**Q** 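Input: one structure, supplied below.
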Amino acid sequence: MTIWLLQLPRLDDNFSWGLKEVQNILLNLKQPVDVIDINCEIMKQFIHTEHWHSIEDYGIKGQSDLPLADVKQIITKCIAPIQADDIVLSCVFSVDSRSWLRLVHAMLRKKFGDKILLGAGGQGVKEPGDRLDTSEWADWAIAIGLVDVIFIGETANTLPNWVESNFTLKGKLHHQHQTFPNIGFIDPKLLKEDFDRTKQVGSYATINSHRDEKYFRDGGVRIHFTQGCVKRCTFCDVWHTWPKFTMRDPHDVIKEIDYYHQRMKVNHLSFPDNTINASNSQFLRLLELLYDWKDKNNRHDITWSSQFAIKPANQLSDEMFQLIAETKGELSVGFDHASDDVLAHMKKLYVWDDIKDFIMRSKTNQINITNAIWMVGYPTETHQDYDQYEKLIDLVQQENTILAHNVQVTGINRGSPLEKIVTIDFGRPNDWHNDLINKNIRMDRKNKLDQHLQKHNPAYWQYRSTLVRAQS
């Protein structure tokens with residue numbers, strides 16, 4: 001038996017992060033897993049033809065001028081390795097992928113009937129803004145037999161439960177943390193049993209928890225320190241998703257770490273915060289408490305990772321860098337751009353010199369930057385702005401601790417201030433344009449920067465775009 005992960009067609013520049021996460025979870029659970037990238041094969045066939053945009057049209061409308069006979073032939077070849085006793089999980093990256101799931105899963109049902117177990121997950125299985133088990137489309141897909149199981153929410157919690165059941169769980173499997181006033185994210189069961197916060201969280205304290213030690217067999221634990229973001233960057237929607245920024249008391253975070261430490265072998269702490277260092281003083285306090293806790297419990301081997309917000313260099317102390325290193329932290333950093341003008345329009349409070357300082361101080365303290373995120377094709381990005389990335393190319397030729405670069409093309413969110421300076425049809429959001437930027441320019445700039453980074457960093461793993469994979 002093999003669990004096949006299917007990447008459905010979508011016009012997007014990155015391979016699905018969700019699918020990578022699912023693959024890693026299943027591998028950690030010792031499951032036989034493999035990937036079939038239907039997206040790559042479809043794009044390879046139509047990349048230089050008049051049918052290019054029809055890929056997206058089909059995903060949105062369920063019909064287009066695509067030659068469906070050719071499409072079905074490609075899909076048939078892709079799914080040929082799948083057997084009746086296998087399991088198929090398809091990535092519905094967005095609502096634009098739903099028609100592709102209907103086509104592919106209908107072909108699998110026709111070939112294997114009810115013998116094969118079909119599942120799906122991703123942002124597209126529910127409408128934007130829906131929470132927990134709310135999804136009329138998921139109900140419909142299950143009712144007509146397109147899928148047996150749909151994963152909604154945090155797959156780090158639902159997938160292990162499904163595997164533990166020997167794949168017998170069906171229907172909508174959902175788990176998302178609840179948001180409690182003043183304390184951010186924390187597991188309800190943990191609150192009820194150990195921290196005696198029932199008066200603060202009210203009825204939420206009695207919610208059944210899906211978290212269990214079997215989810216953390218690899219020794220990794222997800223813990224929130226903050227929720228939301230204190231910034232309002234023009235391209236970002238975090239402020240819309242979590243309008244109110246909340247931060248927990250650092251002492252409570254340490255209590256939660258100790259809770260897991262008492263019950264399992266913790267090896268890594270993953271903070272999924274957007275801005276763990278929103279407050280420099282509170283973040284420093286957390287690092288001090290974490291170092292003391294590790295010292296007390298003789299657990300200096302535990303590592304931690306988080307997204308990290310870059311700030312002006314004079315706001316980030318040497319002590320902070322030292323404590324990050326001493327507590328074995330690894331950072332994912334959105335540097336966003338090399339042009340000071342673009343950064344200013346993004347409402348960033350730092351400039352290129354601050355980025356350079358951060359990278360060099362990370363190197364001095366031997367702090368790994370696991371993911372350096374850069375953006376191209378921003379609505380105000382001129383040729384001169386893009387050329388500022390030459391400073392990055394010069395910098396990465398020096399010794400540094402950046403493990404991977406992720407070059408992203410700029411997207412436009414509904415309600416974003418950027419929506420006012422571009423022409424966009426949200427039925428085809430990838431096609432936005434203005435007098436400076438269009439889709440071809442964005443992809444060309446991304447591919448060129450990817451190539452430069454790969455040339456000067458041959459040992460570093462790069463995020464390969466769908467476009468690159470389709471052409472290779």
Side-chain angles (χ1 to χ4, degrees), residues 1-12 16 18-19 22-23 26 33-39 41-42 54-64 66 68-69 71-128 130-153 155 158-159 161-163 165-175:
M1 186 272 288
T2 300
I3 301 176
W4 295 96
L5 306 181
L6 269 56
Q7 173 69 79
L8 300 175
R10 53 188 264 260
L11 285 186
D12 194 87
S16 169
L19 211 58
V22 168
Q23 183 180 29
L26 291 172
V33 60
D34 206 343
V35 175
I36 296 177
D37 191 352
I38 297 177
N39 188 32
E41 298 306 316
I42 294 291
S54 300
I55 298 173
E56 192 173 28
D57 285 340
Y58 186 84
I60 297 171
K61 304 172 185 176
Q63 58 185 6
S64 71
L66 274 174
L68 281 183
V71 168
K72 290 181 179 179
Q73 187 175 5
I74 294 170
I75 295 173
T76 299
K77 184 178 180 180
C78 287
I79 64 177
I82 300 175
Q83 302 298 313
D85 59 350
D86 289 341
I87 296 173
V88 172
L89 301 180
S90 292
C91 176
V92 189
F93 181 78
S94 69
V95 294
D96 302 346
S97 301
R98 290 178 177 178
S99 295
W100 284 105
L101 177 129
R102 185 172 59 190
L103 174 62
V104 174
H105 281 217
M107 293 174 67
L108 287 165
R109 280 285 186 237
K110 183 176 181 180
K111 184 176 182 180
F112 298 113
D114 293 332
K115 294 179 181 179
I116 193 166
L117 198 161
L118 300 180
Q123 292 295 323
V125 302
K126 59 186 181 67
E127 300 300 331
D130 284 351
R131 299 288 291 177
L132 300 174
D133 61 343
T134 304
S135 174
E136 293 183 2
W137 181 84
D139 292 333
W140 170 82
I142 293 168
I144 69 170
L146 279 179
V147 293
D148 301 295
V149 59
I150 284 185
F151 299 91
I152 303 177
T155 49
T158 51
L159 274 172
N161 201 26
W162 176 64
V163 171
S165 76
N166 197 26
F167 314 108
T168 58
L169 292 178
K170 301 292 178 67
K172 291 182 293 188
L173 303 186
H174 59 89
H175 176 83

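It should be emphasised that the depicted structure is a prediction, and the values quoted were computed from it without experimental measurement.
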**Q** Applying side-chain contact (heavy atoms from CB on, under 4.5 Å), run through Leu146 and Trp140 and close with a yes or a no.
**A** CA-CA 9 Å; Leu146 279 179; Trp140 170 82; 3.8 Å; yes
**Q** Would you name the heavy atoms of Lys72 and Met107 that are closest together and state the gap between them?
**A**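 Closest approach of Lys72 to Met107, heavy atoms only: O-CE, 3.5 Å.
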**Q** Using every non-hydrogen atom in the two residues, find where Phe112 and Ile82 come nearest and quote the distance to one decimal.
**A**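 Looks like CZ-O, 3.2 Å.
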**Q** To the nearest 0.5 Å, what is the distance between OG1 (Thr2) and CD (Gln83)?
**A**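 Atom-to-atom, Thr2:OG1 and Gln83:CD are 8.5 Å apart.
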**Q** Please tell me if the side chains of Phe151 and Lys172 come closer than 4.5 Å, counting only heavy atoms from C-beta onward.
**A**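 Phe151 does not reach Lys172 side chain to side chain.
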**Q** Is any side-chain heavy atom of Leu173 less than 4.5 Å from a side-chain heavy atom of Leu159?
**A**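 With C-beta onward as the side chain, the pair stays apart.
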**Q** For atom NZ of Lys77, is the number of surrounding heavy atoms from other residues, nucleotides or ligands below 6.0 Å larger than 12?
**A**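 Result for NZ/Lys77: open.
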**Q** With no hydrogens and no angle check, do the side chains of Asp86 and Trp4 hold a donor and an acceptor under 3.5 Å apart?
**A**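 Present: a donor and an acceptor within the cut-off.
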**Q** Please determine whether side-chain contact (heavy atoms from CB on, under 4.5 Å) holds for the pair Leu5 and Val22, giving the CA-CA distance in whole Å, both sets of side-chain angles, and the decisive distance to 0.1 Å.
**A** CA-CA 8 Å; Leu5 306 181; Val22 168; 3.8 Å; yes
**Q** Work out which heavy atom in Pro9 is nearest to a heavy atom in Asn39; give both atom names and the distance.
**A**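 Heavy atoms only, the tightest pair is CA-OD1, 3.2 Å.
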**Q** If you look at every heavy atom in Ile36 and Cys78, which pair is closest and at what distance?
**A**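 Looking at all heavy atoms of both residues, the shortest contact is CD1-O, 3.4 Å.
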**Q** Let's go through Leu89 and Trp162 carefully: what are the C-alpha distance in whole Å and the side-chain angles of both, what is the deciding distance for side-chain contact (heavy atoms from CB on, under 4.5 Å) to 0.1 Å, and is it a yes or a no?
**A** CA-CA 12 Å; Leu89 301 180; Trp162 176 64; 4.0 Å; yes
**Q** NZ/Lys170 to CD1/Ile142 distance, rounded to the nearest 0.5 angstrom?
**A**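 It is 10.5 Å, given to the nearest 0.5 Å.
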**Q** Going through the distances and angles, do Val104 and Leu6 end up as a side-chain contact (heavy atoms from CB on, under 4.5 Å)?
**A** CA-CA 10 Å; Val104 174; Leu6 269 56; 3.7 Å; yes
**Q** Return the minimal non-hydrogen interatomic distance between His105 and Ser90, and the atom names on each side.
**A**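 Shortest heavy-atom contact: NE2-OG, 2.7 Å.
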**Q** How long is the straight-line distance from CG of Asp148 back to CG of Leu118, given to the nearest 0.5 Å?
**A**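 The distance works out to 5.5 Å.
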**Q** I'd like to know if the side chain of Arg109 reaches the main chain of Ile116, judged simply by a donor and an acceptor atom lying under 3.5 Å from each other, with no hydrogens or angles considered.
**A**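 Checked: pair present.
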**Q** If I take atom CD1 from residue Ile150 and atom OG1 from residue Thr158, how far apart are they, to the nearest 0.5 angstrom?
**A**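 So the CD1 of Ile150 and the OG1 of Thr158 are separated by 12.0 Å.
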**Q** Considering only heavy atoms from C-beta outward, does the side chain of Asn161 approach that of Leu169 to under 4.5 Å?
**A**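 Result yes, sub-4.5 Å side-chain heavy-atom pair found.
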**Q** Once rounded to the nearest 0.5 Å, what's the spacing between atom CZ of Phe167 and atom CD1 of Ile87?
**A**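 Interatomic distance, Phe167 CZ to Ile87 CD1, rounded to 0.5 Å: 4.5 Å.
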**Q** Can any side-chain N or O of Ser97 pair as donor or acceptor with the backbone N or O of Trp100 at less than 3.5 Å?
**A**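 Such a contact is absent between Ser97 side chain and Trp100 backbone.
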**Q** Quick one: pull up CD1 in Ile79 and CD1 in Ile74 and give me the separation to the nearest 0.5 Å.
**A**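 Ile79 CD1 to Ile74 CD1: 12.5 Å, rounded to 0.5 Å.
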**Q** Do the non-hydrogen side-chain atoms of Leu108 and Val88 ever get within less than 4.5 Å of each other?
**A**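 In short, these two side chains touch, coming nearer than 4.5 Å.
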**Q** Taking all non-hydrogen atoms of both residues into account, name the closest pair between Arg98 and Val92 and its distance.
**A**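 Between these two residues, the closest heavy atoms are CG-CG1, 4.0 Å.
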